[in-house]
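Data first, discussion second: the structure below is written as structure tokens.
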Amino acid sequence: MGEEDISNDSKSSCGCEDGTVEAPAAAAPKENGRAADPRLQAISDAIRVVPHFPKPGIMFNDITALLLRPAVFKDAVDMFVERYRGMRIAAVAGIEARGFIFGPAIALAIGAKFIPLRKPKKLPGEVISETYILEYGTDCLEMHVGATEPGERVVVVDDLVATGGTLCAAIKLLERAGADVVECACLIGLPKYKNFYKLNGKPVYILVESRK
Ligand SMILES: O=P(O)(O)OC[C@H]1O[C@H](OP(=O)(O)OP(=O)(O)O)[C@H](O)[C@@H]1O
Ligand SMILES: Nc1ncnc2[nH]cnc12
């Protein structure tokens, strides 16, 4: 991906740069002369796009359709595992709820611990919290104090990045605890936000662009 100037996106609280990294040839059969990974097309095709959910104007990317196809589900997990294996990743932090579907499988495969970043009032211990603004509302993420140690290399996993507000909150939580956030990883990126991600300077690795 090229380095492009970004506009200030008021949907996110982070003043950050565009650090988007797509899997090779995610959106096209060939990119930069390289053959596309054949798994990407099947991953893209397996994601159902539902118009006007959960409110008018939102094109909802439904990964539950992909989960019904174990070979495609496995390919998606494998692509992340192939990227992060050997990178001395101590923890995979998954964002509730859909980051909990992919994160633990990736963590187990690379020998990392899994840290759940939960919605408010779900964790029983002492927590730190970050509020953020979504494409369709506001929310908050919480993490247990002690879930990560200072200096640990962490990858943040979710199904989709839209405004980047959720990932930004996750990065902030982890950095407040002293973690070294190496990268964020998502199956899907919404193209309309492509140059407006605000990710605290951290790259986001995306397998496929939303089809609509
Ligand atoms: O890039 P952003 O604009 O922050 O949006 C992306 C977030 O939105 C969705 O979760 P949602 O908040 O709908 O919660 P859910 O997974 O609990 O349904 C998605 O799973 C991401 O976590
Ligand atoms: N368009 C979208 N589809 C699925 N999840 C989302 N979260 C934010 N925007 C979304």
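Both ligands and their constituent atoms are indexed starting at 1 by order of listing. On a predicted model such as this, the values are computed, not experimentally measured, just so you know.
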Please identify which atoms of ligand 1 are closer than 4.0 Å to at least one heavy atom of Val161. 1 (O)
Heavy atoms only: give me the nearest Ala93-Phe114 pair and the separation to one decimal. C-CE1, 4.4 Å
As a check for students: among Asp159, Leu160, Ile63, identify the option with a heavy atom nearest to atom 20 (O) of ligand 1. Asp159
May I ask you to check whether Asp159 has an N/O atom sitting below 3.5 Å from an N/O atom of ligand 2? no
For Asp62 and Phe53, run side-chain contact (heavy atoms from CB on, under 4.5 Å): C-alpha distance rounded to whole Å, both residues' side-chain angles, the deciding distance at 0.1 Å, then the answer. CA-CA 10 Å; Asp62 177 21; Phe53 182 86; over 6 Å; no
State whether the shortest distance between N or O atoms of Ala97 and N or O atoms of ligand 1 falls below 3.5 angstrom. yes
Heavy atoms of Ala97 and Lys119 approach each other most closely as N-NZ, 4.4 Å
Counting from 1, what ligand 2 atoms have a heavy atom of Leu190 closer than 4.0 Å? 1 (N)
For Arg48 and Ala65, the nearest pair of non-hydrogen atoms, with its separation, is CB-CB, 4.0 Å
Those atoms of ligand 2 less than 4.0 Å from some heavy atom in Arg98: 4 (C), 5 (N)
Taking only heavy atoms of Thr163, which atoms of ligand 1 are found under 4.0 Å from at least one of them? 1 (O), 2 (P), 3 (O), 4 (O)
Please determine whether the number of non-hydrogen atoms from other residues, nucleotides or ligands lying under 6.0 Å from atom CZ of Arg176 exceeds 12. yes
Under 4.0 Å from one or more heavy atoms of Thr166, ligand 1 contributes atoms 2 (P), 4 (O), 5 (O), 6 (C), 7 (C), 22 (O)
Can Leu187 and Leu66 be said to form a side-chain contact (heavy atoms from CB on, under 4.5 Å), step by step? CA-CA 11 Å; Leu187 260 78; Leu66 178 147; 3.9 Å; yes
Close approach, Asp139 and ligand 1, non-hydrogen under 4.0 angstrom: no
In ligand 1, which numbered atoms sit nearer than 4.0 Å to a non-hydrogen atom of Gly164? 1 (O), 2 (P), 3 (O)
Where ligand 1 meets Gly165 - atom numbers and elements under 4.0 angstrom, heavy-atom basis: 1 (O), 4 (O)
For the side chain of Lys202 and the backbone of Val181, is there at least one donor-acceptor N/O pair under 3.5 Å apart? yes
Could you list the atoms of ligand 2 found under 4.0 angstrom from a heavy atom of Met59? 1 (N), 2 (C), 3 (N)
Steps toward side-chain contact (heavy atoms from CB on, under 4.5 Å) verdict (Asp158, Cys184): CA-CA 8 Å; Asp158 205 350; Cys184 301; over 6 Å; no
Hey, is ligand 1 close enough to Leu167 that some N/O pair sits below 3.5 Å? no
Here the pair of heavy atoms bringing Ala42 nearest to Val72 is O-CG1, 3.7 Å
